[in-house]
Amino acid sequence: MRTPALGPAERGEALARMADRELDVLVVGSGVVGAGTALDAATRGLETGLVEARDWASGTSSRSSKLVHGGLRYLEMLDFALVREALKERGLLLERIAPHLVKPVPFLYPLKHRGWERLYAGAGVALYDAMSVSSGHGRGLPVHRHLTRTKALRVAPCLRKDALVGALQYYDAQVDDARFVTALVRTAARYGAHVANRARVVGVLREGARVVGARVHDLEQGGEFEVRARQVVNASGVWTDETQALIGERGQFHVRASKGIHLVVPRDRIHSTTGLILRTEKSVLFVIPWGRHWIVGTTDTDWDLDKAHPAASSADIDYLLEHVNEVLAVPLTRDDVEGVYAGLRPLLAGESDATSKLSREHTVAHPVPGMVVVAGGKYTTYRVMAKDAVDEAVHGLDRRVGPCVTEEVPLVGAVGYKALWNARARIARRCGLHVARVEHLLNRYGALADEVLELIAQDPSLGEPLQGADDYLRAEAVYAASHEGARHLDDVLTRRTRISIETFDRGTRTAREVAELMAGVLGWGQEQIDKEVEHYEKRVEAERESQRQPDDLTADAARLGAPDIVPL
């Protein structure tokens, strides 16, 4: 089965097809849950559409901790069902659905107290491993191990000797969250879904009390059109309440946004062969290996300001540095920080005022005939949320529909990945690339790396690294625009690659080169290239200014100083 490209022509064709027929299901929002819902519906044989106001994963689903995990801390809350469910999904992603994108990662948990803490924490991690194995999909990860202080310092020499008396080491998994969502969208398109980003829902179509579709504004080409659908699924995450307002309904539940920020620092700033998990007074803090970098996060604070561009304040950055430096022998400083990003968790509001205590469970509702709402949850369990949303939508269809099959559906790039990985040295010789470059491509595109290599075969200059971001090849910028739906410079620097957080200049040195590479695919002239670069530079400066502000209010005001390239 051919994997469709998501270039400009394909986007236009998808919009035209959505406008000229009645869909079974229209999904609004292409975060991980919306993209997963579109894939679930399409693989049940339903005529499916997916629209997104901005870019794939441009909200919460590109700004997470990049972890696929069971949620070890939820065991302490006695939420065994959530952990068991998440561990099963983690195993499926590692073994079957996306082995090219989801990878094992070790974590060290320093122990500060002798005796009781090792027994208490050890019992929790042992239960975590046991639940993983019992799910039937957790045998691929090593089990936890107990370490003395001496052995812990061998695997993590960065730690202060007085910061631990021993440690536990266990395994979870990580993922490039935005790339994963792009793979979900392309997989949905492969099974027949019509997908379009930069297409904003501005109203709903109703016949009496029933929702029968949506009015969609094409933000790229202009104009509005109607998309008729027998069921509309609202999967808009932290925007759930705003989307519900389009039908004059607040909904049966309320979604609150919790802000989490992360710092990115170079790999040589923290000397360790393992990630770290640290307990704070409010939550947990992760130090996560990320290629040639570390991700340090996260915070957990209420946020009721701009949802499109949550801002990290100076206080947020100081909080993370203060807590991670409590255990590091060589403290991190502001000068060590390459990148900063902030994201919002969509939490189902409960009785607690603390966002850290709100539910990570998800809810599916049918507030009015013809519309399903799915909200809450966590990244790892997106597939379960999608299944529940489509199950609910199917109730509104007057025909038999097959059951969910996404447990058995690998994402694009997964099939053949392991064979290509074994042949990576031969591929490198054939293409004239260093084997490390081929490994990089395989771990980002899986078997679809062949499509990127074909671009290089046609134009060898695309096999050169990007100036100022030499982890990435020039071909990847072209491929993002021609195959992955990237419509603007920001899409490539922030989500198709991670240049915006992996370089000290935040991607400004690379911006013009990437814009010029995209121009050939998207038909940009010099004026549009200049506009894209100017917008990106203003965005970076606004983010830097927000990170110098003392609190959320002033940080938000500073970040909003740079408007979107495509106004909503």
Problem set entry | Flag if over 12 foreign heavy atoms under 6.0 Å of CZ, Arg21 | yes
For this session: Flag the pair Arg495 / Asp490 as yes when at least one side-chain heavy-atom distance between them is below 4.5 Å, and no otherwise.
Result: yes
For this session: Kindly say whether Val155 contributes a backbone atom to a donor-acceptor pair with the side chain of Thr273 at under 3.5 angstrom?
Result: yes
Exercise. If only atom types and distance count, is the side chain of Thr274 paired as donor or acceptor with the main-chain N or O of Pro106 below 3.5 Å?
Worked result: yes
For this session: Validate the cation-pi geometry between Arg179 and Tyr445: distance from NZ or CZ to the six-membered ring centre under 6.0 Å, angle to the ring axis within 45°.
Result: yes
Exercise. Is there a donor-acceptor contact under 3.5 Å from the side chain of Arg96 to the main chain of Glu407?
Worked result: yes
Exercise. With no hydrogens and no angle check, is any side-chain donor or acceptor of Tyr472 less than 3.5 Å from a backbone partner on Ile499?
Worked result: no
Problem set entry | N/O donor-acceptor pair under 3.5 Å between Thr48 side chain and Leu46 backbone | yes
For this session: Would you check if there is a donor-acceptor pair between the side chains of His488 and Glu220 at a distance under 3.5 Å?
Result: yes
Problem set entry | Polar side-chain atom of Thr406 near backbone of Asp40 as donor-acceptor pair, under 3.5 Å | no
Exercise. Checking Lys418 side chain against Ala414 main chain: does a donor-acceptor pair fall under 3.5 Å?
Worked result: no
Problem set entry | Glu392 side-chain N/O to Val372 backbone N/O, donor-acceptor pair under 3.5 Å | no
Exercise. Do the side chain of Arg11 and the main chain of Arg198 share a donor and acceptor less than 3.5 angstrom apart?
Worked result: yes
Exercise. Are Gln169 and Phe107 side-chain neighbours, meaning at least one heavy-atom pair lies under 4.5 Å?
Worked result: no
For this session: Check the pair Asp391, Arg44 against salt bridge (charged side-chain N to carboxylate O under 4.0 Å, His left out), reporting the backbone distance first and the verdict last.
Result: CA-CA 10 Å; Asp391 283 346; Arg44 297 196 202 197; 2.8 Å; yes
For this session: For the residue pair Glu47 and His194, confirm or rule out a side-chain donor-acceptor distance under 3.5 Å.
Result: yes
Exercise. Going from CG on Asp300 to OG on Ser258, what distance comes out if it is rounded to the nearest 0.5 angstrom?
Worked result: 3.5 Å
Exercise. Is the closest side-chain heavy-atom distance between His262 and Val296 below 4.5 Å?
Worked result: no
For this session: Report yes or no: does Lys307 contribute a side-chain atom to a donor-acceptor pair with the main-chain N or O of Val238 at less than 3.5 Å?
Result: yes
For this session: Can you label the angle between the Tyr417 ring and the Trp421 ring as parallel, tilted or perpendicular, going by 30° and 60°?
Result: tilted
Exercise. Between the side chains of Thr298 and Ser65, does any donor sit under 3.5 Å from an acceptor?
Worked result: no
Exercise. Closest heavy-atom contact between Arg90 and Ala173?
Worked result: CG-CB, 4.2 Å
Problem set entry | Shortest non-hydrogen contact between Asp491 and Arg487, atoms and distance | OD2-N, 2.9 Å
For this session: List the steps and the verdict of salt bridge (charged side-chain N to carboxylate O under 4.0 Å, His left out) for Glu89 and Arg383.
Result: CA-CA 8 Å; Glu89 295 303 311; Arg383 195 191 63 81; 2.9 Å; yes
Exercise. How about Glu502 and Trp290: does a side-chain donor come under 3.5 Å of a side-chain acceptor?
Worked result: yes
Problem set entry | Side chains of His440 and Leu433 in contact at under 4.5 Å (non-hydrogen atoms) | no
Exercise. How close do Val216 and Val201 get, heavy atom to heavy atom, and via which atoms?
Worked result: CG2-CG2, 4.2 Å
